[in-house]
Amino acid sequence: MINNIFFTSTIEPKNVKEALEDECWVNAMHEELGQFVRNDVWTLVPKPEFMNVIGTKWIFENKTDEIGNVTRNQAKLVAQGYTQVEGIDFDETFALFTRLEAIRLLLELLVF
């Protein structure tokens, strides 16, 4: 296993300006954007007229091992969902989780 301690920053930036001053965080941001390209989940399109555009925000987090040593820097680009307006930007919400009762029912049906 390669020790990444020399390639990580122990300080979590509070904003993008601070992150852009540290090469370790710039690399983490490039890695996140590269994941979007590899997974083909992002397409840049022109802004539609008369439409609300949902912004994005960078979240910076240090991942640590069991002892508390920083193992990697993780940068996440997330949507600013709080700018959405119900009825304009979305009609219903969806959260991907399953109730335990539904899993039990499904397993019971599979067994019999």
Side-chain angles (χ1 to χ4, degrees):
M1 182 173 147
I2 298 173
N3 191 350
N4 292 331
I5 196 159
F6 299 112
F7 304 110
T8 57
S9 174
T10 57
I11 299 169
E12 289 183 0
K14 294 182 179 21
N15 54 44
V16 175
K17 185 178 178 182
E18 287 181 19
L20 291 174
E21 294 173 356
D22 188 340
E23 185 180 351
C24 298
W25 286 106
V26 171
N27 291 338
M29 293 166 76
H30 279 288
E31 183 180 326
E32 174 76 354
L33 293 174
Q35 289 291 337
F36 289 148
V37 172
R38 273 191 293 282
N39 294 328
D40 195 28
V41 294
W42 192 7
T43 305
L44 187 60
V45 296
K47 179 185 182 270
E49 292 186 32
F50 310 110
M51 298 294 282
N52 184 24
V53 176
I54 299 169
T56 57
K57 178 180 179 176
W58 282 100
I59 305 292
F60 304 102
E61 184 178 12
N62 284 330
K63 295 297 185 178
T64 57
D65 61 9
E66 302 84 28
I67 328 172
N69 297 326
V70 176
T71 56
R72 68 185 283 250
N73 302 124
Q74 184 176 24
K76 302 176 198 170
L77 186 61
V78 297
Q80 293 174 321
Y82 56 83
T83 62
Q84 293 178 320
V85 179
E86 186 175 1
I88 297 174
D89 297 318
F90 65 93
D91 294 326
E92 60 186 69
T93 58
F94 175 75
L96 185 61
F97 82 97
T98 305
R99 294 182 54 182
L100 188 56
E101 293 83 10
I103 294 173
R104 286 183 184 153
L105 178 64
L106 180 63
L107 291 175
E108 287 178 10
L109 291 172
L110 291 175
V111 171
F112 296 108

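Residue numbers start at 1 and run along the sequence shown. Keep in mind that this is a model prediction, so the values were computed, not measured.
Not one N or O on the side chain of N69 forms a donor-acceptor pair closer than 3.5 Å with the backbone of D65.
Taking hydrophobic clusters as Ile, Leu, Val, Met, Phe, Trp and Tyr residues chained together by side-chain heavy-atom distances below 4.5 Å, F36 shares a cluster with V26. Residues I59 and L33 are members of separate hydrophobic clusters, defined by side-chain heavy-atom contacts under 4.5 angstrom among Ile, Leu, Val, Met, Phe, Trp and Tyr.
Note that CH2 of W25 is 14.0 Å distant from NE2 of H30, once rounded to the nearest 0.5 Å. The line from NZ of K57 to CG of N15 is 10.0 Å long, rounded to the nearest 0.5 Å.
Scanning for side-chain contact (heavy atoms from CB on, under 4.5 Å) contacts around V45 gives T43, with sequence neighbours left out. With sequence neighbours excluded, the residues satisfying salt bridge (charged side-chain N to carboxylate O under 4.0 Å, His left out) with K63 are E61. With sequence neighbours excluded, no residue forms a side chain to side chain donor-acceptor pair (under 3.5 Å) with E18. V16 is linked by a side-chain contact (heavy atoms from CB on, under 4.5 Å) to L20, M29, W58, F60, counting only residues two or more places apart in sequence or in another chain.
The salt bridge (charged side-chain N to carboxylate O under 4.0 Å, His left out) pairs that include a residue from residues 23-51 are E31-R72, where partners are two or more places apart or lie in different chains.
Hydrophobic cluster membership for L44: none, as no Ile, Leu, Val, Met, Phe, Trp or Tyr side chain comes under 4.5 Å of it.
Among all heavy-atom pairs drawn from I11 and P13, the shortest one is O-CD, 3.5 Å.
Within the 4.5 Å cutoff, side-chain heavy atoms of N73 are placed close to those of N62.
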